[in-house]
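Each chain gets a letter, A, B and so on, in the order its sequence line appears, and its residues count up from 1.
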Protein chains: 2
Amino acid sequence: MARKPEHKQSSADKALKVLDLFTEDFPAWTVEMLMKELDATRATTYRYVKVLYDAGLLATGAGSSYVLGPRIIQLDRQIQRSDPLLQIALPMLEEEKSPLIGSKSISSLYGDQVLSVYVEKCDLDIFLTMQRGRVFPLVYGAPSRIILAHLPPYQMKNFYIANAEDIACAHLGETWEDFRTSMQRLRKQGYCIGSEINPTVVGISAPIFHDKSAVSASLSYVRRLEITSDAQKAELAELVVAAADRISKQLLSYRPERGTRGPVFTTPRMSV
Amino acid sequence: MARKPEHKQSSADKALKVLDLFTEDFPAWTVEMLMKELDATRATTYRYVKVLYDAGLLATGAGSSYVLGPRIIQLDRQIQRSDPLLQIALPMLEEEKSPLIGSKSISSLYGDQVLSVYVEKCDLDIFLTMQRGRVFPLVYGAPSRIILAHLPPYQMKNFYIANAEDIACAHLGETWEDFRTSMQRLRKQGYCIGSEINPTVVGISAPIFHDKSAVSASLSYVRRLEITSDAQKAELAELVVAAADRISKQLLSYRPERGTRGPVFTTPRMSV
DNA sequence: TCGGGAATCTCACTTATTGAGATCGACACC
DNA sequence: GGTGTCGATCTCAATAAGTGAGATTCCCGA
């Protein structure tokens, strides 16, 4: 779950924590800098770096610095090639040519977060903030919320218990009953509409299931807010729900090929 | 360097070796399967998995399996956003609109391998095998060879010593002198042309420098072989060399912004 | 609420990790 | 091609982990 800091001390943990330092603002680190940051000796720092370097997760950069390594790009390609959702959805989305659609995107549920895994720009004048790799909490944005609304009951309950405040802040319900009914309403509607993430656009998201009653992702169609009428919103909603349903249908009958040992869907884990 | 199997035993090494198992053909593993593969006990296997899971490099998949995790996609996004090469090259490539170009791609040098980091399809009828994330040895394919030809002397020498057989097989020279002259010829030509990787296309690659006399990547323009005349090859070569030069010029004057602590170029390491 | 299976915990035992300094070797300059 | 400069690795004793087998807990679907 990559977010809760553990107090367990294991050398692999500590080595992997080095990866956390490579943020957008600090993409390159020298060993000296890492030593200070990790509060470790030179030898230990070099050992951590070596482990990650040998795994290809780090690479040497200019000026005796280290940067994120080539293995990450390779693994990302592997995910894209082995993800049945993308394999099925991308060809289907290519056939969807309605001029109403300014952008199409797919978001996947990972643990208690939602990750954008695919973004396509159709309207060249649209300004997009969504990007493959962006992460959102389950309460924030239409792509997340429509997934949240379709979680199995016990997971939703657990999520509520652990995130009651965030849910209240997001106006999704002051109490468990409130929350449950608002989620029920979303489920009945079949889609979620909003401009939360990017105020210049309106996004409409529909759930994608990889198993009956097991949500795994959401499909979103986006359009510039200023040029969108209510009727168009309704039409977009129909389109996105229909497309998501088609993708779900295909996913349900998906059988891996080429020696693949099993399905590659992710399942949430809602531990508190 | 991610490829040479080490005989050193460290727990972090062993945990990270689990990642190697997640190939395209086996994208999902259960703990039982991992136990057999790693020849480890259940407890140990779970410990390895937990480390990677907590780091976000693995995620739970359907059927109590594990798959590659969301962190990889996030980190890939971070690389794309902090790589000065892509930041500079992509806007420049967007302006390059010659109809001769069927595809544009950028490959980066990592260690002694070359990784494709950007691929754009211009001609909709072209069949592309190149993809972001594909890795090639330095001797294989035009994008690699033009980089190889521009390595600093000591690195080229080291590479020759370590890879004399591969170099001979690739007809790049039977001896060090042979090799050196053939590389010299490539440098003088300024580009490398070939159809090695994908026999249905012709690709022309030019080197990109992030520092005078320090090659870091190559730019390739690709066109369907069957529709390409010799004159067009020459024109493409001119185009790609000119574009690569422009990118190099920009890279030389690149100064990071926004608190970035240093340059984010990768430098090769040619240890034998 | 309950059952089956996945994931974690416990503890004795074994083995790797750590830190300080010496040493090695890749790379740049001439 | 030779030589100097750090960046990276090695050495060794002391320390603190990792490991394995089984019991246990927890998750999640009915």
Side-chain angles (χ1 to χ4, degrees), chain A residues 1 6-15 29-35 38-54 58-66 111-112 151-159 161-162 211-215 267-272, chain B residues 1 6-17 29-35 38-54 58-66 111-112 151-159 161-162 176 180 211-215 267-272:
Chain A
M1 212 145 297
E6 303 287 334
H7 37 281
K8 266 274 183 60
Q9 293 285 46
S10 88
S11 83
D13 274 330
K14 285 183 278 185
W29 290 77
T30 64
V31 169
E32 296 292 329
M33 285 153 49
L34 288 174
M35 278 173 58
L38 299 172
D39 194 29
T41 61
R42 178 170 284 101
T44 302
T45 308
Y46 270 112
R47 275 187 279 247
Y48 291 167
V49 167
K50 189 179 185 345
V51 166
L52 296 173
Y53 180 86
D54 286 343
L58 291 184
T60 50
S64 64
S65 66
Y66 286 87
D112 60 356
L151 285 182
Y154 59 89
Q155 279 183 16
M156 202 183 294
K157 178 84 183 184
N158 277 345
F159 183 78
I161 294 169
D211 189 14
K212 63 179 183 328
S213 79
V215 72
T267 57
R269 193 187 288 185
M270 284 293 157
S271 50
V272 188
Chain B
M1 214 142 294
E6 302 289 333
H7 37 280
K8 264 276 183 58
Q9 293 284 47
S10 92
S11 82
D13 274 331
K14 284 183 278 184
L16 282 170
K17 271 224 298 239
W29 291 77
T30 65
V31 169
E32 298 291 330
M33 283 152 51
L34 288 174
M35 280 174 56
L38 299 172
D39 195 29
T41 62
R42 177 170 283 100
T44 301
T45 307
Y46 270 112
R47 275 189 278 248
Y48 291 168
V49 167
K50 190 179 186 341
V51 166
L52 297 173
Y53 180 86
D54 286 343
L58 291 183
T60 51
S64 64
S65 66
Y66 285 87
D112 59 356
L151 286 182
Y154 56 89
Q155 280 183 15
M156 200 184 293
K157 178 84 183 186
N158 276 343
F159 183 77
I161 293 169
W176 163 240
R180 226 168 67 92
D211 188 12
K212 62 180 185 329
S213 79
V215 71
T267 56
R269 191 187 289 185
M270 284 292 158
S271 51
V272 189

In terms of heavy-atom contacts, B:Thr45 and B:Met35 come closest through OG1-CG, 3.2 Å
To the nearest Å, how far apart are [X] [atom1] and [N] [atom2]?
{"X": "A:Phe159", "N": "D:dC27", "atom1": "CZ", "atom2": "P", "value": "16 Å"}
{"X": "A:Tyr53", "N": "C:dA26", "atom1": "OH", "atom2": "P", "value": "12 Å"}
{"X": "A:Gln155", "N": "D:dC27", "atom1": "CD", "atom2": "C1'", "value": "10 Å"}
{"X": "B:Arg47", "N": "D:dT19", "atom1": "CZ", "atom2": "P", "value": "6 Å"}
{"X": "B:Tyr46", "N": "C:dG5", "atom1": "OH", "atom2": "P", "value": "13 Å"}
{"X": "A:Leu52", "N": "D:dA8", "atom1": "CG", "atom2": "P", "value": "14 Å"}
{"X": "B:Lys14", "N": "D:dG18", "atom1": "NZ", "atom2": "P", "value": "10 Å"}

Could you check whether any side-chain heavy atom of B:Ile161 comes within less than 4.5 Å of a side-chain heavy atom of B:Lys157, counting everything from C-beta outward? yes
State which of C:dT17, C:dG19, D:dA8 makes the closest approach to the side chain of B:Ser10. C:dT17
Tell me whether the OP1 or OP2 atom of C:dG25 has a side-chain N or O from B:Tyr154 closer than 4.0 Å. no
Within the structure, does a side-chain N or O atom of A:Thr41 lie under 4.0 Å from either OP1 or OP2 of C:dT18? no
Between A:Ala43 and A:Ala12, who's closer to the 5' end of DNA chain D by nearest nucleotide?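 Taking each residue's closest nucleotide, the earlier one in sequence belongs to A:Ala43.
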Give a yes or no on whether a salt bridge exists between B:Lys17 and B:Asp13, defined as a side-chain N under 4.0 angstrom from a carboxylate O. no
When you measure only distances, ignoring hydrogens and angles, does the side chain of A:Arg42 come within 3.5 Å of the base of C:dG21 through a donor and an acceptor? no
On DNA chain C, check which nucleotide each of B:Val31 and A:Tyr48 is closest to and give me the residue with the more 5' one.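 Mapping each residue to its closest nucleotide by heavy atoms, the 5'-most match is B:Val31.
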